[in-house]
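Any value given below was found using the heavy atoms of this structure, including those in side chains, with hydrogens, waters and symmetry copies removed.
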Amino acid sequence: MSAYVIVNIAVTDPKEYEEYKRLAAPTVTLYGGRYLVRGGKVDVLEGDWCPARYVILEFPTAARAREWWDSPEYRPIRAIRWRTAESSMIMVDGV
């Protein structure tokens, strides 16, 4: 069953965050993931939630998504995101 990693990001250092984006993408692919949403325009249809930057990743399984998140390839890159943005991340099983 596919799993989805959903990230709400408020970038605080746009220049250094570009480096994060460049380095993170190959690690997602390495673990069988793919970007479904990466930034893009957000239109609020209901409520007052309006994320600044929204990312959705799809992985073949939840186990694979967790392997990516805590992988030796992604850990140092994740630290860049923590330095350059405020973010919330969840993982949810698909149907």
Side-chain angles (χ1 to χ4, degrees):
M1 172 186 316
S2 293
Y4 299 89
V5 173
I6 302 167
V7 192
N8 181 18
I9 303 166
V11 177
T12 56
D13 183 341
K15 183 178 178 185
E16 195 172 344
Y17 187 78
E18 288 300 315
E19 179 76 355
Y20 166 78
K21 289 186 341 186
R22 185 181 69 75
L23 295 172
T27 68
V28 170
T29 303
L30 181 66
Y31 283 82
R34 68 185 182 117
Y35 286 88
L36 298 179
V37 174
R38 191 173 188 188
K41 184 176 181 283
V42 174
D43 288 325
V44 177
L45 300 178
E46 292 185 21
D48 58 2
W49 179 45
C50 187
R53 179 176 174 78
Y54 202 67
V55 176
I56 301 174
L57 306 171
E58 179 184 41
F59 286 89
T61 65
R64 202 67 175 141
R66 286 184 189 279
E67 288 173 12
W68 162 76
W69 184 81
D70 199 30
S71 69
E73 296 86 3
Y74 183 63
R75 259 184 257 132
I77 299 165
R78 181 177 65 192
I80 297 171
R81 178 173 48 82
W82 290 346
R83 253 193 343 266
T84 63
E86 295 176 11
S87 58
S88 300
M89 181 183 293
I90 63 168
M91 182 178 64
V92 61
D93 288 333
V95 293

Check the hydrophobic clustering (I, L, V, M, F, W, Y; side-chain heavy atoms under 4.5 Å; chains of links allowed) and say if Met1 and Met91 are grouped together. no
For a 4.5 angstrom cut-off between non-hydrogen side-chain atoms, does Arg81 reach Tyr74? yes
Do you know the tightest heavy-atom contact between Gly32 and Pro60? O-CD, 3.2 Å
Closest contact, heavy atoms only, Pro76 versus Glu73: CD-O, 3.8 Å
Residues at least two apart in sequence or cross-chain that pass side-chain contact (heavy atoms from CB on, under 4.5 Å) with Ala25, listed by chain then number, are Tyr35, Arg38
Do the non-hydrogen side-chain atoms of Val55 and Ile6 ever get within less than 4.5 Å of each other? no
Do Val5 and Val7 come within less than 4.5 Å of each other through their side chains, counting heavy atoms only? yes
With the side chain counted from C-beta on, respond yes when Val42 and Pro51 share a heavy-atom pair under 4.5 Å apart, and no when they do not. yes
Do the side chains of Asp13 and Arg83 get nearer than 4.5 Å, heavy atoms only? no
Indicate if Phe59 and Ile77 have the same hydrophobic cluster label, given that clusters are the connected sets of ILVMFWY residues with side-chain heavy-atom separations under 4.5 angstrom. yes
Residues, nucleotides or ligands: over 12 heavy atoms within 6.0 Å of Glu19 CD: yes
Can you name the closest pair of heavy atoms from Ala10 and Ala52 and give their distance? CA-CB, 4.3 Å
dist Ile56:CD1 -> Arg34:CZ (nearest 0.5 Å) comes out at 11.5 Å
Decide whether Leu23 and Tyr31 are clustered together by the hydrophobic rule: side chain heavy atoms of Ile, Leu, Val, Met, Phe, Trp, Tyr closer than 4.5 Å, transitively. yes
With a 4.5 Å cut-off on side-chain heavy-atom distances among I, L, V, M, F, W and Y, is there a chain of contacts connecting Tyr54 to Met89? no
4.5 Å side-chain heavy-atom contact, Thr12 and Tyr17: no
Same cluster or not: are Val28 and Ile80 linked, directly or through other Ile, Leu, Val, Met, Phe, Trp or Tyr residues, by side-chain heavy atoms under 4.5 angstrom apart? yes
Before giving the answer on side-chain contact (heavy atoms from CB on, under 4.5 Å), spell out for Val11 and Glu86 the whole-Å C-alpha distance, their side-chain angles and the decisive distance to 0.1 Å. CA-CA 6 Å; Val11 177; Glu86 295 176 11; over 6 Å; no
Just so I know, are the side chains of Trp69 and Arg75 near enough to count as touching, which here means a heavy-atom distance under 4.5 Å? no
Within this structure, what is the OG-CZ distance for the pair Ser71 and Arg64, rounded to the nearest 0.5 Å? 9.5 Å
If you take all heavy atoms of Trp49 and Asn8, which pair is closest and at what distance? NE1-ND2, 3.8 Å
Less than 4.5 Å apart, side chain to side chain, heavy atoms only: is that true for Trp68 and Leu57? yes
Derivation and outcome, side-chain hydrogen bond (donor to acceptor under 3.5 Å, both in side chains), residues Glu58 and Tyr4: CA-CA 5 Å; Glu58 179 184 41; Tyr4 299 89; 2.9 Å; yes
